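Notes follow the structure.
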There are 2 protein chains.
Amino acid sequence: MERDAIQDIAIKTLITNNGASMHDIAVAAGIGRTTLHRYFASRDDMLRALLLSAFQDIEQAMTECQIETGTALEALERIITVLMPIGHRFTFLLGAWPFAEDNKELKSRELRLLYQLEGLVQRGQKEKSLRTDLPVRWIIDTMTALLFMAWQRISDGYIAPRDASKLIMTTLLTGVGTH
Amino acid sequence: MERDAIQDIAIKTLITNNGASMHDIAVAAGIGRTTLHRYFASRDDMLRALLLSAFQDIEQAMTECQIETGTALEALERIITVLMPIGHRFTFLLGAWPFAEDNKELKSRELRLLYQLEGLVQRGQKEKSLRTDLPVRWIIDTMTALLFMAWQRISDGYIAPRDASKLIMTTLLTGVGTH
DNA sequence: GACTTTTGATACAGCTATGTCTAAAATGAT
DNA sequence: ATCATTTTAGACATAGCTGTATCAAAAGTC
C-alpha cells in the first residue's frame, strides 16, 4: 500500500475517532500495526506527517485555483470547489492545528496562505462584490465555517456533493435572509 | 468546590486538549485527582455527565429564549445571544456529540431541540424573512457554524464578545457579499 | 519452482492513565 | 482548642498503548 493511501485512511479514521490507536488505524488501512510502524517510526511522526500532508494538499489546491485570475468571487468559488473533495483533510487540519504550535515552518506557511486569502477578500472589497463593513478575517472564517459544515453534511448524506459549492457560495454571499 | 464548577472547568480543559487526563483536569480545577474521582466514579461517567450538562445548558438557554415569542428573526437573535456566553459548552458538544450515539434519551432530546429550531426556521420562511430555497436544516447548520466560529474568534481575542451576536446575525441573514 | 522481499502475528518491555485504597494533612464546625 | 469531615498525596494493580524485535507466512520476482 502506498504511503499516501495510508495517510488518507489515517486522516479519515482520526477525524471520526481522534483517540484511535495505531492498531485501530492499521486495521482501518487493512495492514498490520508493524507495517504501519514501518511507514511511520512513531505515532508522533505519523501525526506530524498527517498534518503536513493535509496542509500540503490544501496549499496545492489553493495554488491550482490561481486566485489572481478572474474576479474575486470567481476565485472564491474555485477555492470552495477544490476544497470540497478534500474536506476530510480540511476537517483534520481544523482539529489538529492547535498541535502544530511549535512547527514554525507550517505556521509561516499558514500565514502565507491566510495572507493570500486576505488579499483575495480585499480584492473582492475593491471590486465592490464583498462587504467592507465586516472584518476581512471574519469573511474568511465564514467561508471556512461553511466549508466545514457542508463537509459534515456531505458525510452525513444530507447534502449531495455536487450541490455543496453552490450552496456554500449562495449562503456565503447572500445569507439565509430575504433582506 | 461545586460539581457544576468542576464540570465547567473540565469542559473548558477538554475543548482545549481533548486528550487531557483526569490528572490534567484535576489540576485545572485546582483539586486532587482523588477528589475528582469522588465527583465522577470514572472517566466515562465524567464524560457522560459533561455531555449531559452541556446539553442541558443549551436546552435551558433555548427555553429561556421563548422562541414562540416575537418574530422568527427576533427569536433567532435571542438564541444567538444566549448561546454565546456558553460557547465552550456548545463547542464541547460539537466535538463530543458523536460519542453520544448510544444515549437514546439525549438523542431524542436533540431531535426535539432540532424540531423546535426547524419550526422556527419554517416560521421565518412563512414570515418571509428567511429564504425558502435553502434547506431548513442547512439554515440551522449555517447558524451553528457561525456560532462555533465566532466562539473560536472570541477565544482568540479577534472578536469582542459584545460584537458577536450582531456579527453573526448580519452574516447569517445577508451574507458577506454586496449583492 | 527457487529465491528474495515484504508483511503480519506475536511477544516483550516500558510507559501512561485509570480506578482503588490508605493514612496524613487540611478544612470546617462548634 | 477539639473533633469531625473532607481532601490530598502517594502507593498499588491493572489495562491499554507504544515501540521494538523475531520469525514464519505471504507475496513478488525471475
Side-chain angles (χ1 to χ4, degrees), chain A residues 1-55 88-89 91-93 95-103 106, chain B residues 1-55 88-89 91-93 95-103 106:
Chain A
M1 190 179 258
E2 295 275 307
R3 187 179 158 109
D4 269 358
I6 296 180
Q7 283 182 158
D8 209 53
I9 290 168
I11 285 172
K12 284 172 181 171
T13 305
L14 285 164
I15 63 176
T16 302
N17 169 23
N18 77 313
S21 65
M22 299 298 275
H23 173 77
D24 295 334
I25 291 162
V27 167
I31 60 175
R33 182 166 74 87
T34 319
T35 307
L36 185 60
H37 274 286
R38 290 211 168 100
Y39 286 96
F40 308 102
S42 67
R43 184 184 180 87
D44 227 39
D45 271 359
M46 181 188 73
L47 293 177
R48 264 196 301 264
L50 296 185
L51 206 47
L52 181 62
S53 166
F55 186 77
H88 56 290
R89 287 172 175 264
T91 301
F92 175 76
L93 215 47
W97 196 250
F99 300 100
E101 285 301 320
D102 48 352
N103 190 330
L106 268 193
Chain B
M1 189 179 259
E2 293 275 308
R3 185 179 160 109
D4 269 356
I6 296 180
Q7 284 181 158
D8 208 54
I9 289 169
I11 285 173
K12 284 172 178 169
T13 306
L14 284 163
I15 62 176
T16 301
N17 169 23
N18 77 313
S21 65
M22 299 298 274
H23 172 77
D24 295 334
I25 291 162
V27 168
I31 58 176
R33 184 168 70 87
T34 319
T35 306
L36 185 59
H37 275 286
R38 290 223 163 87
Y39 287 96
F40 308 103
S42 66
R43 184 183 179 86
D44 227 39
D45 271 358
M46 181 188 74
L47 293 177
R48 264 197 299 265
L50 296 185
L51 206 48
L52 181 61
S53 166
F55 186 78
H88 56 291
R89 287 172 173 261
T91 300
F92 175 76
L93 213 49
W97 196 249
F99 299 100
E101 285 301 321
D102 49 353
N103 190 330
L106 268 193

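Below, chain A is the first sequence line, B the second, and so on; all start at residue 1. Just so it is clear, the model here is predicted, and its values are computed rather than measured.
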Residues in ring pair (Phe, Tyr, Trp, His ring centres under 6.0 Å) with [X], at least two apart?
X      : answer
H37(A) : none
Y39(B) : none
F40(B) : none

Which atoms form the tightest heavy-atom contact between A49(B) and R3(B), and what is the distance?
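Heavy-atom minimum between the residues: CB-NH2, 3.6 Å.
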Would you check, one step at a time, whether the test side chain to side chain contact (heavy atoms under 4.5 Å, CB included) holds for L106(A) with L51(A)?
CA-CA 9 Å; L106(A) 268 193; L51(A) 206 47; 4.0 Å; yes
How would you give the extent of chain B contacts on DNA chain C, as first and last nucleotide 5' to 3' within a 4.0 Å heavy-atom cut-off?
dA17(C) to dC21(C)
Suppose we screen for side-chain contact (heavy atoms from CB on, under 4.5 Å). Which residues come up paired with [X], at least two apart in sequence or across chains?
X      : answer
D4(A)  : Q7(A)
T16(A) : none
N18(B) : N18(A)

Scoring nucleotides 11-28 of chain D by protein non-hydrogen atoms under 4.0 Å (B base, S sugar-phosphate only, - none) yields B------BBBB-------
Among pairs that include at least one residue of residues 17-42 of chain B, which meet salt bridge (charged side-chain N to carboxylate O under 4.0 Å, His left out), considering only residues two or more places apart or in two chains?
none
The complete set of salt bridge (charged side-chain N to carboxylate O under 4.0 Å, His left out) pairs with one or both residues in residues 5-15 of chain A, sequence neighbours excluded, reads D8(A)-K12(A), D8(A)-R89(A)
Qualifying residue for side-chain contact (heavy atoms from CB on, under 4.5 Å) with I25(B), from I31(B), L14(B), I11(B), I9(B)
L14(B)
Per the end-axis method with five pairs at each terminus, what is the bend angle of the helix from dG1(C)-dC30(D) to dT30(C)-dA1(D), to 10°?
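Helix axis angle between the two ends: 40°.
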Which parts of residues 5-16 of chain A get close to DNA chain D, meaning a heavy atom less than 4.0 angstrom away?
none
Taking atom CE of M46(A) and atom OG of S53(A), what is their separation to the nearest 0.5 Å?
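That separation rounds to 12.0 Å.
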